[in-house]
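Please read the structure below before turning to the comments.
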Number of protein chains: 2
Amino acid sequence: MILEKKKVFLQFATKRGLRSTRQRDLILDVFLSSHEHLSVEELYLKVKASHPGVGQATVYRTLKLFVEAGLAREMTLSDGQTRYEHLLAGEHHDHLICTGCGTIVEFEDETIERVQDEIAVRHGYTISSHRLELYGLCPACKGHQR
Amino acid sequence: MILEKKKVFLQFATKRGLRSTRQRDLILDVFLSSHEHLSVEELYLKVKASHPGVGQATVYRTLKLFVEAGLAREMTLSDGQTRYEHLLAGEHHDHLICTGCGTIVEFEDETIERVQDEIAVRHGYTISSHRLELYGLCPACKGHQR
DNA sequence: TTTACTGTTGATAGTCATTTTCAAAGGATC
DNA sequence: GATCCTTTGAAAATGACTATCAACAGTAAA
């Protein structure tokens with residue numbers, strides 16, 4: 001699974017004439033081995049923890065490459081930080097975000113996808129992507145409420 | 001309709017002990033008379049066109065007041081600019097955004113709203129708001145494609 | 001209407017995330 | 001290993017937005 005993705009990036013790099021460097025390998029490892037929706041800063045800190053020499057500009061640059069390679073998806077929530085999440089081939093999912101603790105749950109719903117297509121057709125649009133975020137309180141945070 | 005909204009703002013201002021100033025009246029006029037999804041910068045330019053003395057900090061501040069007054073909604077697309085759109089009482093709508101020319105179409109769909117609620121319940125969440133954006137090419141831009 | 005009080009404004013400096021710049025370092029190819 | 005040219009790290013630059021603060025202007029009482 002991780003190997004699979006490494007191969008994808010390798011192929012992408014080859015096709016684009018990119019060089020293979022320690023930094024890119026390292027950042028890819030850290031990215032692939034984390035399952036959260038990491039912000040660039042968080043990822044940078046993780047990388048720096050094991051390899052202090054890596055600059056954050058490199059992390060920014062490399063994450064953009066992952067997006068181009070189809071390995072990652074950029075997501076901008078309303079907190080002003082760009083996050084990157086794993087993207088499995090052909091997969092689409094949306095997010096349920098807790099406004100209390102920030103927990104993000106992923107979900108997928110076929111009905112919504114279908115209705116979206118209908119709406120697009122009705123307006124003559126051809127959809128290339130979409131973004132759906134539901135904001136609210138998760139079970140735990142509801143409990144803590146006064 | 002516009003008068004109605006002005007009254008809403010007036011009431012809000014009174015309740016909050018805000019003073020009525022030329023700048024706020026002006027910015028409200030410009031905001032209410034534009035039907036697009038304006039970014040702060042765009043609105044600032046419109047305001048400045050007729051009244052060059054107004055500072056952009058005031059535009060930023062005033063738009064936030066409109067949100068608090070329930071007249072406007074903040075929306076952040078992926079272009080890094082905050083936009084403000086009109087908000088009618090109790091109304092919810094989503095956006096269809098052309099990746100070619102940036103045109104934004106609003107739509108509302110009851111099925112999607114209902115499915116969203118179901119999903120939230122399934123995960124034990126209580127939804128307070130949501131955001132749905134569909135990105136794609138509008139009919140005009142599809143035509144221009146090579 | 002004048003005065004005194006206090007909210008508001010505009011200019012500017014500050015912040016924060018992200019991008020650009022550029023010299024030095026390091027892959028890749030011969 | 002020499003050469004070429006991409007990549008890197010540090011720091012400066014950018015862009016959107018926010019905070020600061022002295023000057024200004026509503027407002028309500030005198």
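Side chains are part of it too, since the values below use all heavy atoms of this structure and drop only hydrogens, waters and symmetry mates. A note on names: the letters A, B, ... follow the listed sequences, proteins ahead of strands, and every chain is numbered from 1.
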key: Rounded distance (Å) that lies between atom P of D:dT14 and atom CD of B:Gln81   = 17 Å
ask   = With no hydrogens and no angle check, do the side chains of B:His95 and B:Glu133 hold a donor and an acceptor under 3.5 Å apart?
value = no
inquiry  = Expected output is a numbered-order residue list: members of residues 18-34 of chain A with a heavy atom under 4.0 Å from any atom of DNA chain D. What is it?
reply    = A:Leu18, A:Arg19, A:Thr21, A:Gln23, A:Arg24
request  = Could you check how far CG of B:Asp79 sits from P of C:dT18, rounded to whole Å?
outcome  = 14 Å
message = Tell me the interatomic distance from B:Leu38, atom CG, to D:dA16, atom C1', rounded to whole angstroms.
response = 17 Å
inquiry  = Looking only at the side chains, is there a donor atom on one of A:His51 and A:Gln23 sitting less than 3.5 Å from an acceptor on the other?
reply    = no
ask   = Strictly by modelled atom types, are A:Lys46 and A:Ser34 linked by a side-chain donor-acceptor pair under 3.5 Å?
value = no
query = In residues 49-65 of chain A, what residues come within less than 4.0 Å of DNA chain C, judged by heavy atoms?
reply = A:Ala57, A:Tyr60, A:Arg61, A:Lys64
key: Polar side chain donor-acceptor pair, A:His93 to A:Glu108, under 3.5 angstrom   = no
ask   = Below 4.5 Å, heavy atoms only, C-beta onward: do B:Leu87 and B:Leu71 meet side chain to side chain?
value = no
inquiry  = Any carboxylate oxygen within less than 4.0 angstrom of a Lys/Arg side-chain nitrogen, looking at B:Asp25 and B:Lys6?
reply    = no
task = State, yes or no, whether a side-chain contact exists between B:Arg24 and B:Leu18 at a heavy-atom distance under 4.5 Å.
result = yes
message = In this structure, how many angstroms lie between the C1' atom of C:dT9 and the OH atom of B:Tyr44, rounded?
response = 13 Å
message = Please verify the inter-ring angle class for B:Phe9 with B:Phe66; under 30° counts as parallel, over 60° as perpendicular, anything in between as tilted.
response = perpendicular
